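This report concerns only the one structure given below.
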Amino acid sequence: MPTPAVMWFRQDLRLADNAALKAAAEAGPLVCVYVLDDATPGGWAWGAASRWWLHNSLVRLAEGLARFNVPLVLRRGPADKVIAEILHETGAASLHFTRDYAPWSGALEQRVKTIATEAGAACHRYGGFLLHEPEAIRTGQGQPYKVFTPFSRACFALGDPRPPRPAHKNLKAWEGRIKGDKLEDWRLLPRRPDWSTGFAIWTPGEQGARQRIETFIDDALSDYAEGRDRPDLARTSRLSPHLHWGEISPVQCWTAIRSAMAAAHGRLDRQGEKFLSELLWRDFSYHLLHHWPDLPSTAFQEKFAAFPWRHDPKALRVWQRGETGYPIVDAGLRELWATGYMHNRVRMIAASFLIKDLLIDWRQGETWFWDTLVDADIANNAASWQWVAGSGADAAPYFRIFNPVLQGEKFDPEGDYVRKWCPELRDLPNAVIHRPWEHEAGVKGYPARIVDHAAARHRALLALKSLS
DNA sequence: CGCTACTTGGT
DNA sequence: CCAAGTAGC
C-alpha cells in the first residue's frame, strides 16, 4: 500500500483553488481529515452559530470528496495531538494544510511541524486564506500598518493576485482505513432547533459560496458603493461566512469581481474597487491581529485600559434581545438572532449603542457576536469592535458616537428594515418610524427607550474625558 | 464608514 | 423659520 499524503482541512473547506489540497493530491493517495479542536483556542472555541455553519459545510465538503470516493475523516481533540495520531496510524509521508492566523495558531502550527518531522512526514503549509500574508505588507519603515488607507494602497500597488487554481479533475483516496467520528455525534447543531430555523437563508458549502458571489455580481454590484450601506436593500455580498470557512478563497472573489469589471468595460470600476477594498479590510484585520495578537482582548490604545465601563448585565441582556427601544438597534439584534447575520451598517450602529450609549465594555459585545454570528471571525470581530470603541489601531481623531435615529433615517429611509424585524412598529408612519416615542398614539408592545440618547451621549463624552 | 452647535443666507 | 455649510470635538 503506497504511503498517503494527509490533507488537514481547516478554514479552507473547498476543493477548488486550494493549494494544500492540490499539493497533497499530487504527493500521494489522500487521507482527508477535519479536526474539531475546542481546546487550543481557549475561550475562542467556535460559537453556536459558527458550529451550525461548520456542520453544514462539513456535510457539503464530505459530499464533494465522496464524488471521488475520498472519505472525510472527522476527529476531535487538540489538533496537534490528533494530527500526531493520524500520521502514526497512516504512516503518511507528508502533511498539507492551509495556514491560519488566530493568536494561538502560530504556536500550534509550529508544534504540528515538529510532530510531523518526528513522524517522518514532510510538513507543508500554504497560504490562501488571505490575499496577502501579514508579514508581506510593510510600511516604508518596515513596520506593520496601523491605518487601513495606506495599507490598502500598498496592497493595490502589488497588482492582482495570481488567478485561482481550477478544481481537481481527480482525487485518489488512500486504500487504508482509519477510524473517524460521526458528524452527528459532534452535536454541532443547536440544542434548541427553533433557534436556527431562520438560518435557512444560508447555503453553506463551496457550491453555495459560488452561487452567492454570482448572485451578488448580477444583482448588487452595480450599486454596491452606496447600496452596501442600506440594510433595507439586499446589496451586501453576504460572502463573509463563506470566506470565513474558506468555502471560497479571497483570490477567487477578487478575480470574479475583476472579470465582472472587465466585462462591463469600466462601468463597474468604482463599485468593483469598493468591493475589492472591502476584501482588503479583511486582510487588514488579520494584519493587525497577526502583529498584535492581544487585539481580541486588549484595547489597542493603552489609555482605554482605564475606561470606566459600567457593569450592567440587565442592560446587556436588553441589548442582546433587541429591546432597547431604538428601532434600528433592535432590528439589528433581532436580525442577528433570527438569521445569524447582521447588516454591516447596523453592526456599527448596534455596537456603538452598546459601547457609547450603555457604556458596556466592547468585549461583551464581541463575545455575543462571536456566539451568534454565522460569520464570526476572530480578526474581523476584534478589529471592528475596537474600531467602533475608538480604542483601535486606526481610531478616529474624535470620539465618534452614532445617533441611532439619524443613522436609521439616513440608511433605512422608508423604515422597511425596521418594520421587517420589529413588527410592532409596522403601522407607524415613516416620519416617526425611527423615533416611535414621538408617535402621539403610542406604540403597543414596543419597549420604551432604555436611555435617552442625548443624555447617554453626554455621559459617554464625560467618560472619555476621564481618561486624560 | 459622525455629530452637534453654530453661522450664513435664504424664505 | 429652514437648508446648507463648517469648525471642532
Side-chain angles (χ1 to χ4, degrees), chain A residues 145-153 155-156 220 223-233 235-240 270-285 287-288 300-301 303-304 307 326 328-329 331-332 341-359 362 365-366 369 375 377 379-413 417 431 434-435 449 451-468:
Chain A
Y145 282 95
K146 298 179 183 182
V147 181
F148 175 72
T149 307
F151 173 85
S152 72
R153 207 173 293 133
C155 293
F156 274 119
D223 181 39
Y224 181 69
E226 287 74 32
R228 63 183 297 279
D229 262 330
R230 291 283 300 273
D232 54 335
L233 310 172
R235 300 286 162 76
T236 54
S237 76
R238 293 187 175 243
L239 283 165
S240 49
R270 197 173 68 84
Q271 315 293 334
E273 297 268 347
K274 186 71 191 173
F275 181 82
L276 297 181
S277 116
E278 294 303 316
L279 273 181
L280 289 175
W281 267 103
R282 177 174 173 275
D283 265 37
F284 181 59
S285 296
H287 182 81
L288 291 177
F300 188 94
Q301 312 247 347
K303 71 168 187 177
F304 274 82
F307 196 92
Y326 286 89
I328 192 81
V329 174
Y341 183 84
M342 194 194 304
H343 185 280
N344 178 254
R345 166 59 52 178
V346 188
R347 290 187 200 199
M348 295 192 273
I349 303 167
S352 176
F353 192 84
L354 183 76
I355 297 167
K356 309 285 169 71
D357 286 65
L358 299 181
L359 289 182
W362 58 271
E366 184 191 24
F369 276 21
D375 64 15
D377 182 279
N380 291 327
N381 202 29
S384 302
W385 275 96
Q386 292 230 32
W387 181 86
V388 177
S391 66
D394 56 346
Y398 45 85
F399 196 55
R400 184 194 283 116
I401 300 172
F402 283 71
N403 181 323
V405 176
L406 297 181
Q407 288 282 313
E409 290 173 345
K410 185 166 177 192
F411 296 110
D412 180 27
Y417 176 76
H434 291 291
R435 44 180 108 211
R449 287 175 292 171
V451 288
D452 171 70
H453 174 70
R457 176 176 190 277
H458 185 64
R459 180 174 70 170
L461 289 169
L462 286 178
L464 180 77
K465 221 173 181 180
S466 75
L467 294 184
S468 47

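Everything numeric in this text was worked out from a predicted model, so none of it was measured. Reminder, nothing fancy here: chain letters follow the sequence lines and each chain counts from 1.
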Inset, instruction - Report the distance from atom NZ of A:Lys356 to atom C1' of B:dG2, rounded to the nearest whole Å. - result: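 Going from A:Lys356 (NZ) to B:dG2 (C1'), I get 10 Å.
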Inset, instruction - Rounded off to whole Å, could you give me the CD1-to-P distance for the A:Ile328 and B:dG2 pair? - result: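 Rounded to the whole Å, the gap is 13 Å.
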Inset, instruction - Report the C-alpha distance between A:Phe151 and A:His287 in whole Å, list the side-chain angles of each, state the deciding distance to 0.1 Å, and finish with yes or no for ring pair (Phe, Tyr, Trp, His ring centres under 6.0 Å). - result: CA-CA 9 Å; A:Phe151 173 85; A:His287 182 81; 4.9 Å; yes
Legend entry - Trace of the salt bridge (charged side-chain N to carboxylate O under 4.0 Å, His left out) decision for A:Arg347 with A:Asp375: CA-CA 13 Å; A:Arg347 290 187 200 199; A:Asp375 64 15; 2.8 Å; yes
Legend entry - Exam field: side chain A:His434 to backbone A:Asp412, donor-acceptor pair closer than 3.5 Å: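 Side chain of A:His434 to backbone of A:Asp412, a donor-acceptor pair under 3.5 Å: yes, one is there.
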Inset, instruction - Only counting residues at least two apart or in another chain, list the ones meeting side chain to side chain donor-acceptor pair (under 3.5 Å) with A:Asp232. - result: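 Testing A:Asp232 for side chain to side chain donor-acceptor pair (under 3.5 Å), a comparison that skips the adjacent residues, returns A:Arg230.
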Can you check nucleotides 3-7 of chain B for protein contacts, nitrogen or oxygen pairs under 3.5 Å, and list what you find?
| unit_1 | atom_1 | unit_2 | atom_2 | d |
| --- | --- | --- | --- | --- |
| B:dC3 | OP1 | A:Asn403 | N | 3.0 |
| B:dC3 | OP1 | A:Gln407 | NE2 | 3.3 |
| B:dT4 | OP1 | A:Asn403 | ND2 | 3.1 |

Legend entry - Aromatic A:Phe399 / basic A:Lys356 pairing, under 6.0 angstrom, 45° off normal: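 A:Lys356 over A:Phe399 ring: yes.
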Legend entry - ring centroid sep under 5.5 Å plus plane angle under 30, A:Tyr398 with C:dG8: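 Here the ring of A:Tyr398 and the base of C:dG8 are not stacked, as the 5.5 Å and 30° limits are not both satisfied.
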